[in-house]
Each structure stands twice: as C-alpha cells, then as structure tokens.
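Scroll down for the structure; my scribbles are underneath it.
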Amino acid sequence: MKPARTRIAPSPTGDPHVGTAYVALFNFALARKTGGAFVLRIEDTDRVRSNEASERMIFESLRWLGLEWDEGPDVGGPYGPYRQSERTAIYREHVERLIEAGAAYPCFCTKERLDALREEQRRSKSSVMGYDGHCRSIPPEEAARRRAAGEPHVIRLAMPEEGEIVVRDLLRGEIAFDAATIDDQILLKSDGYPTYHLANVVDDHLMEITHVIRAEEWISSLPKHVRLYEAFGWEPPVFCHLPLLRNADRSKISKRKNPVSLTFYRRAGFLPEALLNYLALMGWAMPDERDEFTLEEFVEAFDPERISLGGPVFDLEKLIWLNGRYLRNLEPGDWVERLRSEILPDSYLREVAALVRERVDTLGDFMAYAAFFFTTGVEYDEAARARLVVKGRTPPQSAKLLRTLLEEVLDPLLEWNAETVEAALRGFCEARELRPKELFMPVRVAVTGRAATPPLFETMAVLGRELCRHRLRRAIEVLRTMK
RNA sequence: GACCCCGUCGUCUAGCCAGGUCUAGGACACCGGCCUUUCACGCCGGCAACACGGGUUCAAAUCCCGUCGGGGUCGCCA
C-alpha cells in the first residue's frame, strides 16, 4: 500500500472527546501502517466557541494516548499553518475562484429570513429542508456591487439542480444522492471565516491528504464535499466513514449518557494503552480475534477493510475489565509510578492539602477526611441520600433540578475554577429563587458523598469538572430511584 | 417528514465480499464450580444470537428483493 497521509481535525471547543481519540486512532494506524504521515489540524473556525485551553487539552490528551502526530500546529510541517484560523486568506482566495467559475454565489439573506424559512419547513413537514436558493437568481454584477458596498452576506455553494451525485465510501461502496435534495451550503460565513465544508476540502487537498477517515455523521454532507472537489477540479481523497460510537440506547454517544471526555478517563485512572486497545475493539477485530493487543500490534495488523459497520455501544464495563488486565500486568514499580503520576501527583496533593490542612489534626486522618478527592465515584449512605434532597422538594424534583443545574449551568461553563463555579451556582439560585444553602448542601453531598467538606466551590474546582459531572450524574440517578 | 447508513448472543465481535468445513467461534457481563483464612485475581464449566418474509440454489448467517427495527443528517457548529 502506498504511504497514506491522514489527519485528525478536531475543533477546539470544550473537552477533548473520546470520539476524537477513536477517529484519531484509525487515522494514526493507517498512516503508520503505510509509512505515511499523520497530521493534526485544528479546525477553529467557530470564533465563538473555539478556545486556546481546549486546543491545549487536545494536544495533551492525544499525546497521553500516544497518538503522536507528524505535522501539526505545535510541531510544524511542510503544509502549514495547521490552524485554520491562520489560513483564512487561503479560503477567501479559493472562494473567489468558485464565484468566478459560477460554482458559488453571494447570499444576502438575513438570519431572520432563514429562521422563518426553517420554521415554515418544519411546521409544514416539508420534504425539502434547507436553503431555498433565494439569492441564487441575483445577477452576478448586482451581487458583486452589493458585496462591494459592504452589504452583509455569506457565500454559498451552488449545487447542481438535478441529477445524481454518486460518492464512494471505502467501506460502503457507492452511495447515490439526488442532487435536487441537497441545498446550497454556506462556504464562507458573514464574519469571513469558512465553514467546515470549505475549510476541510481546501485543506485536505492542499495538505495532500490521501484518506479522509472520519465519523459516519459526515456521510450526508459528502455530496457537498465531492461537489467542491469537482468545482475546484481536484481529485478527491479516499473517504472512509467510521461507525459512530453509541450510548447504551444506541443513540450517538453523548456526555449526557456516558463519560465522553478524555480528561475523565485519565482522571479516573484508566491507562492510555487500555483505552486505545478498547477503542480499537469498536468496529474492529484482530485477524486472530485476540482482544488484548498493543498499539504497535494494531498498526501492524491494521486493514481498513476489516472495519465492521454496526454502531458499537461504548461499554464502560468492558473497558474497566480491560484496564484491570493492563494494570495487573504492570511491573510493581511501574504500577506505583502510574499511581503517583496520575492519582497522587504532588501538584494535586498540594491543592488538596491547602483545603484540608486546617481541618485535620493528624496526618493519619488525612486520607479518611480527604478520600473523596482520590476516588472516581462516591457512595451515598442513607444519611447522605437524605441530604441529596433539596429542601421542600421530592427526590425526583431534586433530580430534575440538579440535572438542569448540570446541563444548563455547569456544562456550558467555559472555564472551571472556584470563581466561575460559585458564580454559576449563585446565579442558578437566583434564577430559581432558591436560597443558596438549600442548593449547596445537595450539591456538596452529590459531589463528595459527605456533608462535611472544605468550602464547596474550591472543592469542586480541585475535583475538576469531570469528576463533578460524573458524581452529579450518579446522584441524579440515586435521587430518581428514591421513594 | 425527506434523504442516507446500518442490522450475528444483553454488550463488543469472528464468520459474509470468494454459499457447504457453522449442531454459528471468541470476549465482557451474568450463573455455577475450582483455587483460597477473606476479597480480588486466575482457572474450568454453563446460559445466550444469524431481525422477519420471500426468492436464487442440491445447499444461505453468507447472494437478491421486500418488510420491520435502529441510527445519522437536514445550523452563518464541527
């Protein structure tokens, strides 16, 4: 097989996702197997949600897993820059080429009109969804004049109005779409940044990516991508859509139903090699069917054609079993080393000590008092369960309240520290007309399993977002089944 | 709703493309046993699936068609 150039192209919004690691693993394997290159490209074209902290966490997580990249924003390479926000001139130039060729056009429709259109389509249960091509009929000269006059606009891809668009997926073969059912995708947003579709195609071509291995959710936009390659006159890469990781109910994996943050797995003491091994088992099996193997062995045996297509349910229990196997196979010294570096690093001990110091009288009491800082989950005994309930509410109502707090207030937090957590909790109390103390005890117990702890916000900050969310989810479950 | 993808034990999968070797194999979970001062590990055994209906064929989990079921997409998010 010829050397393949593959890439992982995460968007730095929020915590690095287990799905990113999954897709990265397969891209990594093909690149290594063929002696090609594995590229990391940061797709930070969403100006509102992208942030630097998230980008750093992506680097850290992928490195932790051992999925080292050959080219990327931090290591450079011959096809840079590898951060899309630094490539906007390239996209604009390419978009002009499309406009000149008549393959794209400016659209002046307002957000309001598009919202109304969408609403109407939804309401009337219309079979055609998406943009109606309203601005497509504007004569090019007029459009150019309005653009020059500074009228806000986006650039859309002009899809063929009829005919079939046939695309090819390495695992599924040919897939045919009716061109008439595909709307004119926005390529350039009104802020001048490209959408995924444009940036992705342009970069994959310019970076000479040979195999686009990504998640199945992209299949429906494949015709748009293929049309773009055609409009540019470029040879498309090989497309290979991996099955989507699933929740137990078979919906696309989500943080609401599963821990999806790589940070969580690291924090909970999973070994990177075990997580990788488990991920490889999702949709793939060794020719000899053994289910324990190293990354090197995976790469050696890798063959994309062996990937199975059923959406695999992410089963934490099997991951835990596998992790246990890996842990037991560690040399005693190595075992202690991992414990020290992942669960008991000095930096963490210092943070915990700062909170616990004045609350214990002997060092011997430390662990008993601070145990919850070092475990993944916590137990709720009968007394704790009682305090999980918000005053004046039933357990199910309390569950609902905590769920809202988690999903609408805590999850959207861009930064997680004592100040932001405090502001979020207090804001929630105000909005819900709750007295702080009525909410804080249930949250405290949910997050620590105890009624007596160091100050809540500092405690939550030190525990970290992932452990807090994990325990809150568990507490919500417990509340639901009470009485 | 429209379009697209998928469909082997509860879960991850092997087998399917090149139909017989499949009374469908392995792993997790579960159950039972052995080991053991306890727990865990480990070992042994057990339970458990080709979604359904038609067709092709001497023969179908494997090929074809339909049905049903599940999922994804339909954002100036990626």
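By convention in this document, chain letters (A, B, ...) are assigned in the order of the sequence lines, proteins followed by strands, and residues within each chain are numbered from 1.
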Q.
For a quick check of understanding: with a heavy-atom distance under 4.0 Å over all strands, which category does Arg246(A) fall into, base, sugar-phosphate or nothing?
A. sugar-phosphate
**Q.** Polar pair under 3.5 Å, donor/acceptor by atom type, side chain Ser190(A), base rC76(B)
**A.** yes
Q. Taking all atoms of both residues into account, what is the closest heavy-atom pair of Ala301(A) and Met286(A), and its distance?
A. CB-SD, 3.6 Å
Q.
Work out how far the C1' atom of rA29(B) is from that of rC12(B), and round it to whole angstrom.
A. 11 Å
Q: List the steps and the verdict of ring-ring contact (aromatic ring centres under 6.0 Å, His included) for His470(A) and Phe264(A).
A: CA-CA 9 Å; His470(A) 179 72; Phe264(A) 170 83; 4.8 Å; yes
Q | Nearest-nucleotide pick for Leu309(A), side chain only, options being rA27(B), rC6(B), rA78(B) | A | rC6(B)
Q: Classify the nucleic acid contact of Thr45(A) as base, sugar-phosphate or nothing, counting any heavy atom under 4.0 Å across all strands shown.
A: sugar-phosphate
Q.
Using only modelled atom types and a 3.5 angstrom limit, is any donor from either the side chain of Gln121(A) or the base of rG1(B) paired with an acceptor on the other?
A. no
Q: Using only heavy-atom distances, decide whether a donor-acceptor pair under 3.5 angstrom links the side-chain of Lys318(A) to the base of rA29(B).
A: no
Q. Do Trp284(A) and Phe298(A) make the cut of ring centroids closer than 6.0 angstrom?
A. yes
**Q.** Pair partner, rG7(B) [Watson-Crick or wobble, under 3.5 Å]
**A.** rC68(B)
Q) Should rC63(B) form a Watson-Crick or G-U wobble pair with both distances under 3.5 Å, which nucleotide is its partner? A) rG55(B)
Q. Contacts to RNA chain B from residues 167-189 of chain A, heavy-atom cutoff under 4.0 Å, which residues?
A. Arg172(A), Ile175(A), Ala176(A), Phe177(A), Ile186(A), Lys189(A)
Q) Which one is paired to rU73(B), where only Watson-Crick or G-U wobble pairs with both distances under 3.5 angstrom count? A) rA2(B)
Q. What is the pairing partner of rU37(B), taking Watson-Crick or G-U wobble pairs with both distances under 3.5 Å in any strand?
A. none
Q: On RNA chain B, check which nucleotide each of His153(A) and Tyr22(A) is closest to and give me the residue with the more 5' one.
A: Tyr22(A)
